2 protein chains.
Amino acid sequence: MPEQAAGMSHRPAPVHTHPDDVPLLTALSALADPVRIQLIRDLARHPDWALSCSGFDVPVGRAAKSHHFSVLRDAGLVEQRDQGPKRLNRLRREEFDARFPGLLDLVLRADDGE
Amino acid sequence: MPEQAAGMSHRPAPVHTHPDDVPLLTALSALADPVRIQLIRDLARHPDWALSCSGFDVPVGRAAKSHHFSVLRDAGLVEQRDQGPKRLNRLRREEFDARFPGLLDLVLRADDGE
DNA sequence: AGCACTGTATGATGGCCATCGAACACTGGG
DNA sequence: CCCAGTGTTCGATGGCCATCATACAGTGCT
């Protein structure tokens, strides 16, 4: 039974930026990284809130992964929700597409042959 | 009268990459730079071949400008043609848009309020 | 309480990239 | 031929960023 007393120490909720408040340069910079592209594609292949941060198979350590998710949050690409010890993720498809039409589609399209 | 003899020293023609041969990551990285975005926007505001490299008003020196145009060429964003001592530029709108639909429109759209 | 799991924060490191100054090359005109 | 204009190349520099190892903080289970 979760106590909600005064001096209780919470885990700080993740700070989000709405896509509408994201500068174009921030969005492009966030997407100009192979690891983050892979994270976004993995995310798109699963239902919302299905994946926790550790559920992604990228060739970097936990620290770097955490950093990448921070960048994705700042770019309005990912929303996170805490559930137990895990931090579940959701791709902000509609919202991001409304701000930058077509951009997310480009990344998700697999025609990135070269 | 321009002689075209054998041992004549030409200026090496600029090396271009067709947008179809450009990886997504290359395109995004090329666009994730404020100076290059400004170059592209300036270019879009003028007719094809209207501007030479020195005709752009960006806050960097000649060397850096030359480097940026090299990046834009490699990303399939700009085509260059030599005319006299000048190197004229053209934005590859249709070709680039065919490869990355909507991406160029995003950059050219002025709604980059923040 | 103790523990395993998960994620974040903190340096430290290495590499890539944007920039500059200077030198060099090509072009066209006086 | 000299010169002014244009653009590239080279070496050096500084900064930003991705990564790591480590330590730390929360959460829930036993």
Side-chain angles (χ1 to χ4, degrees), chain A residues 1-5 7-16 25-40 49-75 78-90, chain B residues 1-5 7-16 25-26 28-40 49-75 78-89:
Chain A
M1 44 146 64
E3 289 281 346
Q4 277 308 88
M8 216 174 171
S9 75
H10 303 284
R11 170 151 57 155
V15 179
H16 290 107
L25 193 59
T26 302
L28 292 175
S29 300
L31 294 174
D33 179 282
V35 174
R36 288 194 285 267
I37 287 186
Q38 188 175 341
L39 289 176
I40 291 175
W49 315 118
L51 287 180
S52 68
C53 294
S54 62
F56 295 83
D57 184 31
V58 283
V60 295
R62 312 175 292 285
K65 214 185 284 190
S66 178
H67 163 67
H68 283 303
F69 276 107
S70 169
V71 173
L72 292 177
R73 251 176 318 176
D74 289 351
V78 163
E79 186 182 354
Q80 294 184 316
R81 185 223 297 182
D82 286 345
Q83 172 179 310
K86 309 201 163 189
R87 185 156 280 190
L88 305 183
N89 299 277
R90 170 194 158 249
Chain B
M1 43 143 71
E3 290 283 347
Q4 277 307 88
M8 215 172 171
S9 74
H10 304 284
R11 168 153 55 157
V15 179
H16 289 109
L25 193 59
T26 303
L28 292 175
S29 301
L31 294 173
D33 179 282
V35 173
R36 288 195 284 268
I37 287 186
Q38 189 175 341
L39 290 176
I40 291 175
W49 315 119
L51 287 180
S52 69
C53 294
S54 62
F56 294 83
D57 184 30
V58 284
V60 295
R62 310 175 292 291
K65 214 185 286 189
S66 178
H67 163 68
H68 283 305
F69 275 107
S70 170
V71 173
L72 292 177
R73 252 176 312 164
D74 289 352
V78 163
E79 187 183 354
Q80 293 185 315
R81 184 220 298 179
D82 286 344
Q83 173 178 309
K86 309 202 162 185
R87 185 156 281 192
L88 305 183
N89 299 277

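Here is the naming used below: chain letters follow the sequence lines, and residue numbers restart at 1 for every chain. Since the model is a prediction, treat every value here as computed from it, not as a measurement.
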> Would Arg87(B) and Arg11(B) count as a side chain to side chain contact (heavy atoms under 4.5 Å, CB included) if you check the C-alpha gap in whole Å, the side-chain angles of each, and the deciding distance to 0.1 Å?
Replying inline: CA-CA 11 Å; Arg87(B) 185 156 281 192; Arg11(B) 168 153 55 157; 3.9 Å; yes
> So, is Arg62(A) near the phosphate of dC5(C), with a side-chain N or O under 4.0 Å from OP1 or OP2?
Replying inline: no
>> Donor-acceptor pair, distance only, cut-off 3.5 Å: does the side chain of Arg36(A) make one with the backbone of Ala30(A)?
In response: yes
>> Without decimals, in angstroms, what is the distance between Asp33(B) CG and dC17(C) P?
In response: 11 Å
>> Going by salt bridge (charged side-chain N to carboxylate O under 4.0 Å, His left out), name the residues that satisfy it together with Asp74(B), two or more places apart in sequence or in a different chain.
In response: none
>> Whether the side chain of His16(A) engages the backbone of Arg73(A) through a donor-acceptor N/O pair (distance < 3.5 Å, no angle test) should be reported.
In response: no
> CG of Asp74(B) versus C1' of dC17(C): gap in Å, rounded?
Replying inline: 14 Å
> Think Arg87(A) has a side-chain N or O under 4.0 angstrom from the OP1 or OP2 of dT27(D)?
Replying inline: no
> How long is the span from the NZ atom in Lys65(A) to the CG atom in Leu39(A), to the nearest 0.5 Å?
Replying inline: 7.5 Å
>> Measuring from the side chain of Ala63(B) (C-beta onward, heavy atoms only), which nucleotide among dA22(C), dG7(C), dT22(D) has the closest atom?
In response: dA22(C)
> Does Arg36(B) have a side-chain nitrogen or oxygen under 4.0 Å from the phosphate oxygens OP1 or OP2 of dA18(C)?
Replying inline: yes
> For Gln83(B) and dG7(D), what is the distance between atoms CD and P respectively, to the nearest whole Å?
Replying inline: 11 Å
> To the nearest angstrom, how far is Lys86(A) atom NZ from dT8(C) atom C1'?
Replying inline: 17 Å
>> Nearest whole Å is fine: how far is dA18(C) P from Leu25(A) CG?
In response: 11 Å
> If you round to the nearest 0.5 Å, how far is CD1 of Ile40(A) from CG of Asp33(A)?
Replying inline: 9.5 Å
>> By nearest atom, which of the nucleotides dG26(D), dT19(C), dA9(C) is closest to the Arg11(A) side chain?
In response: dG26(D)
> Would you say Asn89(A)'s side chain and Gln80(A)'s backbone share a donor-acceptor pair under 3.5 angstrom?
Replying inline: no
>> Can you pull out the residues from residues 65-73 of chain B that lie within a 4.0 Å heavy-atom distance of DNA chain D?
In response: Ser66(B)
> Taking NE2 from His10(A) and P from dT27(D), how many angstroms apart are they, rounded to a whole number?
Replying inline: 8 Å
